[in-house]
Structures are given as structure tokens and as C-alpha cells.
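Quick note: residue numbers are just sequence positions, from 1.
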Amino acid sequence: MRKGLKLALELEQINVKNTYDMIDGYEIHLYGDERDNFDLYPLLNKPVFTVHYPLSRCDIAQIAQEYKTDYAQKVFDFCKSLNVGLVVHAESPSFDVFNNPNVEAFCKMVKDSGLILHVENCYRNIGAIEGLQIMRYMRNRINDQQVFPLLDTCHLMMSEMSFKYEERSFFHTIDSYKSDNFKMHLNDCIGSGEKETGGVHGTNFSSNLYLLRNILWKLYDLEKHAYPVDCILEIDEKDYINVPRAIELANNIDEIWNSYKNEY
């Protein structure tokens, strides 16, 4: 398993996060404005796992409305030049995606261009299962090797259908999202992440190592069955440059993962 860290294309972030030895690579998080300094990419000293479309408009239906713009094309070309996938959200309900002419045209462009998409489950309008259905809809219009599901464990627990009420268990959902290009977002910040407790964005693994151990055991088992995983650490910090909770989470992951390797 590789550990990635969210990173924006800003010089100070790059200089600091390049020093984190426990991190294996990055997910580049785009802003959608002049702060996206694509020319800074060569300064990264670790590989890029994925590129995330700007949060303000990263839903599939939104991207399908602007995919012909100069900015969108620049992002697509950037992903293809790095040979990495683009993270998009399955955030709108399926009736905004299915049979949407803009989405159909966007899918055709993706298929023709060779762009790879990682479709992330969101939480505002849909649950993880519907997010998976949207991913499959996209895959049927593109192909199996250009569209992959990305499981965000925090979004899973924040969904309108909290993981307690999903049709499948938390760990069955992980099974359902696995792929041969498996990416997962882990978010560690204050709060349980569950809608019932206020919907705070994050899962406090520091106080719930039991949950982290179980997630990692599931991922360890998947890797034994030839499903390698990239875990991207999303950390909500007041200071997004110096991220002590990210370091703590990365160290805890290493300790737990190594214990599994030594014992099994």
C-alpha cells in the first residue's frame, strides 16, 4: 500500500511536504484559479497518484458543463502528461447524470482522449451505493480501464444514509469499491464524521485506532488478493502546510501495516 498526501501546486506547500519521508506520493488538489501553478510540478520529489478537480465544481454534471473550457482542457492534458487519473465527485443524484446530454458528450470525450477518471462517492445528495451506480454508468459509456471507483471513508460516514444504514456494511462497501486501480481517501480530523453527530468532515482515527486497524486489515487482505491500494490522507488543518495530524496518521498506518506483515 502506498500513502499519498493532498497537495496544492503552491511553492510553500511543495517545499514543506517534500520533506515528509513517511509519504509515498501526492494527490494534487486544484483550486481552479491562478493558484494552480502547473509549472511547479517538476519540483515534486514524489510521484503523483491522482489529480483532483477543483472542489467548487468537481461533480460529474458540473464538469460536463465546462469540459470544453480552456481550464478543463488544461487539467485533462496535465493528467495525461503525468499518466494519472482525474478525481471527480458523484455528488449530484443519478437523475442529473443519467441520460444527461452534457454527460454523454463528456463521456465520449473521455473515451476518445484516453483520460482516466476516479469517481468518488460524495455525501450531500447520495450514498456510497448510488455513487457506485453512477461510476458504473460512466464505465459503460467509456470502458472498464478508464473509469474506476474511489472510496472516501469520510464521505461514506457523512452521507444522508450514514454507513450504519447503508444496504451493505462498511467493510462490504470497501469490497464493492475495490478495483485494479484502487484509491481510497482517509480523513483524520476532529469529529466522528457521522451525520448523527453533526456531520463533521473527518474520522478521528487518533481516538479510534480500532476503526483504523480494521480498515487497514481489510486493505491488507485486498492487497494479498492482488488489489494494490493507494491511500490518500486528507487532513483538515487550520494550517494546511504544516500537518501534524497527517504525520501522526501516516506513522500509525505504518506501525499497523508492518504489524500485519510481521504476523501474517
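At a threshold of 4.5 Å between side-chain heavy atoms, the hydrophobic network of Ile, Leu, Val, Met, Phe, Trp and Tyr places Ile28 and Tyr31 in two separate groups. There is a path of hydrophobic side-chain contacts, each under 4.5 Å, that joins Tyr53 to Val110. Both Val88 and Val75 belong to a common hydrophobic cluster when Ile, Leu, Val, Met, Phe, Trp and Tyr are linked at side-chain heavy-atom distances under 4.5 angstrom. Linking ILVMFWY residues whenever their side-chain heavy atoms come closer than 4.5 Å, directly or via other members, places Ile63 and Val119 in the same cluster. Residue Val97 is grouped with residue Phe106 when hydrophobic side chains (ILVMFWY) are merged at heavy-atom distances under 4.5 angstrom, including chains of intermediate members.
Listed here is the closest heavy atom pair of Phe171 and Asn214: CZ-CB, 3.5 Å. In this structure, Cys107 and Met138 approach most closely via the heavy-atom pair SG-SD, 3.7 Å. Closest non-hydrogen pair, Ser92 versus Ala61, comes out as OG-CB, 4.1 Å. Considering all non-hydrogen atoms of both residues, Gly32 and Arg57 come closest at O-NH2, 3.8 Å. Between Ala90 and Ile60, the shortest heavy-atom distance links the atoms CA-CD1, 4.4 Å. Contact detail for Cys231 and Leu186: the closest heavy-atom pair is SG-CD1, 4.0 Å.
Within the 4.5 Å cutoff, the side chain of Lys3 has no heavy atoms near those of the Leu249 side chain. A 4.5 Å side-chain heavy-atom check between Leu150 and Met135 finds every atom pair outside the cut-off. Inter-residue side-chain proximity for Leu44 and Leu7 is flagged as met; some heavy-atom pair is nearer than 4.5 Å. Under the 4.5 Å side-chain criterion, counting only non-hydrogen atoms from C-beta, Val87 is not in contact with Cys58. Between Asn181 and His118 the shortest side-chain heavy-atom distance falls below 4.5 Å. Side-chain contact between Arg141 and Lys111: absent, with no pair of heavy atoms (C-beta onward) separated by less than 4.5 Å. Side chains of Thr50 and Val84 form no contact here, defined as non-hydrogen atoms less than 4.5 Å apart. Within the 4.5 Å cutoff, side-chain heavy atoms of Arg136 are placed close to those of Leu132.
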Distance-only check: which donor-acceptor pairs under 3.5 Å involve side-chain atoms of residues 222-230, not counting sequence neighbours?
| residue | atom | partner | partner atom | Å |
| --- | --- | --- | --- | --- |
| Glu223 | OE1 | Met1 | N | 2.9 |
| Glu223 | OE2 | Met1 | N | 3.1 |
| Glu223 | OE2 | Val229 | N | 2.8 |
| His225 | ND1 | Asp221 | O | 2.8 |
| Asp230 | OD1 | Arg2 | NE | 2.8 |
| Asp230 | OD1 | Arg2 | NH2 | 3.4 |
| Asp230 | OD2 | Arg2 | NH2 | 2.8 |
| Asp230 | OD2 | Lys183 | NZ | 2.5 |

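Between the side chain of Lys218 and the main chain of Ile215, no donor-acceptor pair closer than 3.5 Å is present. Distance alone, capped at 3.5 Å, places no donor-acceptor pair between the Glu120 side chain and the His89 backbone. For the pair Asp152 (side chain) and Asn121 (backbone), a donor-acceptor distance under 3.5 Å is absent. For Glu91 (side chain) and Asp59 (main-chain N/O), no donor-acceptor pair under 3.5 Å exists by modelled atom type. Remark: the backbone N or O of Ala128 is paired with a side-chain donor or acceptor of Tyr177 at under 3.5 angstrom.
Residue pairs meeting the side chain to side chain donor-acceptor pair (under 3.5 Å) criterion with at least one member in residues 67-79, sequence neighbours excluded: Asp36-Tyr71. Evaluation of the salt bridge (charged side-chain N to carboxylate O under 4.0 Å, His left out) test over residues 45-56, restricted to residues two or more places apart or in two chains, returns none. Pairs engaging residues 244-263 under the ring-ring contact (aromatic ring centres under 6.0 Å, His included) rule: Trp217-Tyr260, Tyr220-Trp257, Tyr220-Tyr260 [sequence neighbours left out].
Applying the side-chain hydrogen bond (donor to acceptor under 3.5 Å, both in side chains) test to His29 and every residue at least two apart in sequence or in another chain returns Lys6. Evaluation of the salt bridge (Lys or Arg N to Asp or Glu O under 4.0 Å) rule for Glu10 yields no partner, not counting sequence neighbours. In this structure, the side-chain contact (heavy atoms from CB on, under 4.5 Å) partners of Asp144, at least two apart in sequence or on a different chain, are Arg139. Every residue meeting the side-chain hydrogen bond (donor to acceptor under 3.5 Å, both in side chains) condition with Asp33, not counting sequence neighbours, appears here in chain and number order: Arg35. Residues satisfying the side-chain hydrogen bond (donor to acceptor under 3.5 Å, both in side chains) test with Gln62, not counting sequence neighbours, are none. Leu43 is linked by a side-chain contact (heavy atoms from CB on, under 4.5 Å) to Leu11, Ile14, Leu40, counting only residues two or more places apart in sequence or in another chain. Partners of Phe98 by side-chain contact (heavy atoms from CB on, under 4.5 Å), not counting sequence neighbours, listed by chain and number: Ser94, Ile134, Tyr137.
Ile116 belongs to a hydrophobic cluster with Phe148, counting contacts under 4.5 Å between side-chain heavy atoms of Ile, Leu, Val, Met, Phe, Trp and Tyr, direct or through other members.
For the atom pair CG (Asn251) and CD1 (Ile256), the distance works out to 11.0 Å, reported to the nearest 0.5 Å. Note: Ser259 OG to Leu216 CG = 9.0 Å, rounded to the nearest 0.5 Å. Taking CG from Asn102 and CG from Asp96, the interatomic distance works out to 11.5 Å, rounded to the nearest 0.5 Å.
Counting non-hydrogen atoms of other residues, nucleotides and ligands closer than 6.0 Å to CG of Asp21 gives a total of 12 or fewer.
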For this session: Kindly indicate, with the supporting measurements, whether the criterion side-chain contact (heavy atoms from CB on, under 4.5 Å) is fulfilled by Val51 and Tyr26.
Result: CA-CA 9 Å; Val51 175; Tyr26 299 117; over 6 Å; no

